[in-house]
*Asks:* 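Below: one structure in structure tokens.
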2 protein chains.
Amino acid sequence: MVRKTKEEAEVTRRHIIDAARQVFRDCGVRSSTLEKVAAAAGVTRGAVYWHFRNKTELFFAMREEATLPFVDRVVFDLNAADPLAGIEVALREIFVILEDHADVREIFEILSFKCEYVDEFKPMMGCSDGQMEFLQKLTEAYRQAGELGALRPGLSASDLAHDTFLFIGGLIKHWLAASPNQRFRSDALSLIHNHIMLRRI
Amino acid sequence: MVRKTKEEAEVTRRHIIDAARQVFRDCGVRSSTLEKVAAAAGVTRGAVYWHFRNKTELFFAMREEATLPFVDRVVFDLNAADPLAGIEVALREIFVILEDHADVREIFEILSFKCEYVDEFKPMMGCSDGQMEFLQKLTEAYRQAGELGALRPGLSASDLAHDTFLFIGGLIKHWLAASPNQRFRSDALSLIHNHIMLRRI
DNA sequence: GTTTATACATTCAAGAATGTATGTAAAGTA
DNA sequence: TACTTTACATACATTCTTGAATGTATAAAC
């Protein structure tokens with residue numbers, strides 16, 4: 001066969017990852033075979049085994065790409081005139097990203113519904129570092145809002161952040177499960193708005 | 001072999017379901033083999049195939065048992081003096097049940113983390129009838145609370161119910177993922193309390 | 001320009017896992 | 001009591017799936 005250049009090999013690698021995402025979503029991670037992935041990528045299993053040691057390594061390579069857009073785009077503007085609006089914007093941004101990036105959305109769908117968290121995947125059941133960081137930033141944002149007197153009194157920043165964290169987790173799950181223009185999918189932004197409204201003075 | 005009576009056969013059937021629950025939780029549904037289930041139940045695959053047509057049917061038989069305790073025990077007292085307290089009690093009850101009934105907890109764990117929602121399992125991704133019913137009862141309870149003037153103004157009963165529904169969904173997930181005496185597991189009741197407090201006048 | 005490492009494709013061996021078919025002994029039943 | 005059905009166990013054939021081994025043509029390195 002025609003041996004590829006480094007650049008072409010990198011393209012092949014990405015094709016395999018993209019194919020894996022599609023196959024994982026259609027078949028579930030465990031039920032996906034490297035044969036199916038290879039076929040979807042237009043290569044043979046040999047190519048897959050060349051780029052990845054096994055399915056697990058391929059899975060984690062695929063997962064890598066899901067977290068990237070969020071760290072840049074889901075940010076809390078601590079200096080905003082209306083800090084709660086800043087939080088609302090950040091929360092909305094999550095779903096804008098999911099709407100925009102089909103690949104990220106598919107990875108989230110796989111992680112939520114197409115993966116059995118056993119053996120080497122078991123540690124991923126709990127909160128990821130990224131999630132904990134999100135919770136922490138959320139807490140800080142609420143603290144700031146509280147200092148600016150924007151919060152209705154009674155609850156601590158940590159309490160509010162945890163409540164929002166769980167709300168968002170639930171919303172992401174139902175948003176992913178719903179088809180487009182179905183209940184939770186189309187109502188996400190107003191649900192977020194209501195959620196924040198509860199916190200206003 | 002010694003042929004069993006009808007009653008003994010029913011016991012065998014339950015053993016198989018219990019074994020399936022254990023194996024599903026340890027291995028994931030797709031990775032579980034009927035051989036493992038049979039071994040865990042102390043029978044052969046022949047017995048499993050006698051009682052269930054295949055793994056899917058066994059899975060649904062197992063799942064049947066998860067919903068039962070909730071319909072009886074998670075109830076909203078619409079006539080309570082403090083209707084929000086009534087809602088809080090109902091929400092707490094969910095986690096009391098999960099704490100009490102290891103089998104129910106394990107089934108939830110399987111449904112949340114050990115199952116790939118593809119093919120015949122795909123329809124289960126969305127909200128179950130039970131969940132929709134819960135959301136509906138929750139809405140009704142908030143409406144009642146609103147009519148009694150117990151709610152802080154600004155949001156409709158439906159808005160509040162959806163917010164609570166997503167919160168509870170997120171909490172269940174994190175509660176299940178956490179080991180006992182870990183963050184979300186031990187804080188569940190106070191998280192619920194805070195959540196309800198946000199709604200008070 | 002020769003050598004070597006790369007980027008795959010192809011082939012092979014071995015082990016699951018499944019569904020079915022068959023065997024069997026006792027429980028029901030007429 | 002003779003027959004039938006039940007409740008399994010056992011055996012078998014078939015179908016994936018995997019990992020590794022091997023082949024190979026070419027890009028890259030020297």
Side-chain angles (χ1 to χ4, degrees), chain A residues 1-62 110 114-116 118-121, chain B residues 1-62 110 114-116 118-121:
Chain A
M1 71 146 308
V2 189
R3 143 107 128 108
K4 309 291 184 59
T5 68
K6 262 184 180 152
E7 295 75 28
E8 288 170 322
E10 190 53 32
V11 170
T12 304
R13 191 187 129 94
R14 296 209 59 81
H15 281 341
I16 293 171
I17 290 179
D18 289 340
R21 182 156 36 76
Q22 177 203 316
V23 175
F24 286 166
R25 191 182 42 132
D26 292 345
C27 306
V29 175
R30 168 59 218 240
S31 304
S32 295
T33 79
L34 292 186
E35 175 62 39
K36 285 181 195 162
V37 172
V43 295
T44 65
R45 263 174 56 240
V48 178
Y49 274 103
W50 171 256
H51 287 284
F52 307 95
R53 201 150 51 86
N54 50 34
K55 192 164 69 180
T56 303
E57 203 177 292
L58 174 56
F59 174 86
F60 283 108
M62 177 207 73
I110 292 166
K114 313 302 178 88
C115 180
E116 299 179 346
V118 294
D119 300 332
E120 59 265 51
F121 299 103
Chain B
M1 69 146 311
V2 187
R3 143 102 131 110
K4 310 290 183 60
T5 68
K6 263 183 181 155
E7 295 74 30
E8 288 170 322
E10 191 53 34
V11 170
T12 305
R13 191 187 128 93
R14 298 210 57 82
H15 280 342
I16 293 172
I17 291 179
D18 289 339
R21 183 157 34 77
Q22 177 202 317
V23 175
F24 287 166
R25 192 183 40 134
D26 292 346
C27 306
V29 175
R30 167 61 217 239
S31 305
S32 294
T33 80
L34 293 185
E35 174 62 41
K36 284 182 195 162
V37 172
V43 296
T44 66
R45 261 173 58 241
V48 178
Y49 274 103
W50 171 255
H51 287 283
F52 307 94
R53 200 151 52 86
N54 50 34
K55 194 164 68 180
T56 302
E57 203 176 291
L58 174 54
F59 174 85
F60 283 108
M62 177 207 73
I110 291 166
K114 313 300 178 88
C115 180
E116 299 179 346
V118 293
D119 300 332
E120 60 264 53
F121 299 102

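Chain identifiers are assigned alphabetically (A, B, ...) following the order of the sequence lines, protein sequences preceding nucleic acid strands; residue numbering begins at 1 within each chain.
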*Asks:* Between D:dC16 atom C1' and A:K55 atom NZ, what is the distance in whole Å?
*Replies:* 12 Å
*Asks:* Specify the separation, in whole Å, of atom CD of B:E7 and atom P of C:dA27.
*Replies:* 12 Å
*Asks:* Choosing from D:dT18, C:dG19, C:dG28, which nucleotide comes nearest the side chain of B:R45?
*Replies:* C:dG19
*Asks:* Any side-chain donor paired with an acceptor under 3.5 Å for A:E35 and A:T33?
*Replies:* no
*Asks:* Send over the distance from B:L34 CG to C:dG19 P, rounded to a whole Å.
*Replies:* 7 Å
*Asks:* Please tell me if A:W50 has a side-chain N or O lying less than 4.0 Å from either OP1 or OP2 of C:dA7.
*Replies:* yes
*Asks:* Choosing from D:dA28, D:dG19, D:dC8, which nucleotide comes nearest the side chain of A:N54?
*Replies:* D:dG19
*Asks:* Taking the side chain as C-beta and beyond, is there a heavy-atom pair between A:Q22 and A:D18 under 4.5 Å?
*Replies:* no
*Asks:* Parallel, tilted or perpendicular, judged at 30° and 60°: which one describes the rings of A:F59 and A:F121?
*Replies:* perpendicular
*Asks:* Are OP1 or OP2 of C:dC8 and a side-chain N or O of A:H51 less than 4.0 angstrom apart?
*Replies:* yes
*Asks:* If only atom types and distance count, is the side chain of A:N54 paired as donor or acceptor with the main-chain N or O of A:E57 below 3.5 Å?
*Replies:* yes
*Asks:* C:dG19, OP1 or OP2 - any side-chain N/O from B:Y49 closer than 4.0 Å?
*Replies:* yes
*Asks:* When you measure from the side chain of B:E116 to the backbone N and O of A:R30, does any donor-acceptor pair fall under 3.5 Å?
*Replies:* yes
*Asks:* May I have the distance from A:E57 (atom CD) to D:dT18 (atom C1'), rounded to whole angstrom?
*Replies:* 16 Å
*Asks:* From the set D:dC8, D:dT18, D:dA9, return the single nucleotide nearest to any side-chain atom of B:T44.
*Replies:* D:dA9
*Asks:* Considering just the side-chain nitrogens and oxygens of B:T12, establish if one lies under 4.0 Å of OP1 or OP2 belonging to D:dC8.
*Replies:* yes
*Asks:* What is the distance, to the nearest angstrom, from the CZ atom on A:F52 to the P atom on C:dC8?
*Replies:* 11 Å
*Asks:* Take atom CG of A:L58 and atom C1' of D:dT17, then tell me their distance rounded to the nearest Å.
*Replies:* 15 Å
*Asks:* A:E35 CD to C:dT10 P: how many Å, rounded?
*Replies:* 11 Å
*Asks:* Grab the CD-P distance between B:E10 and D:dC8 for me, whole Å please.
*Replies:* 10 Å
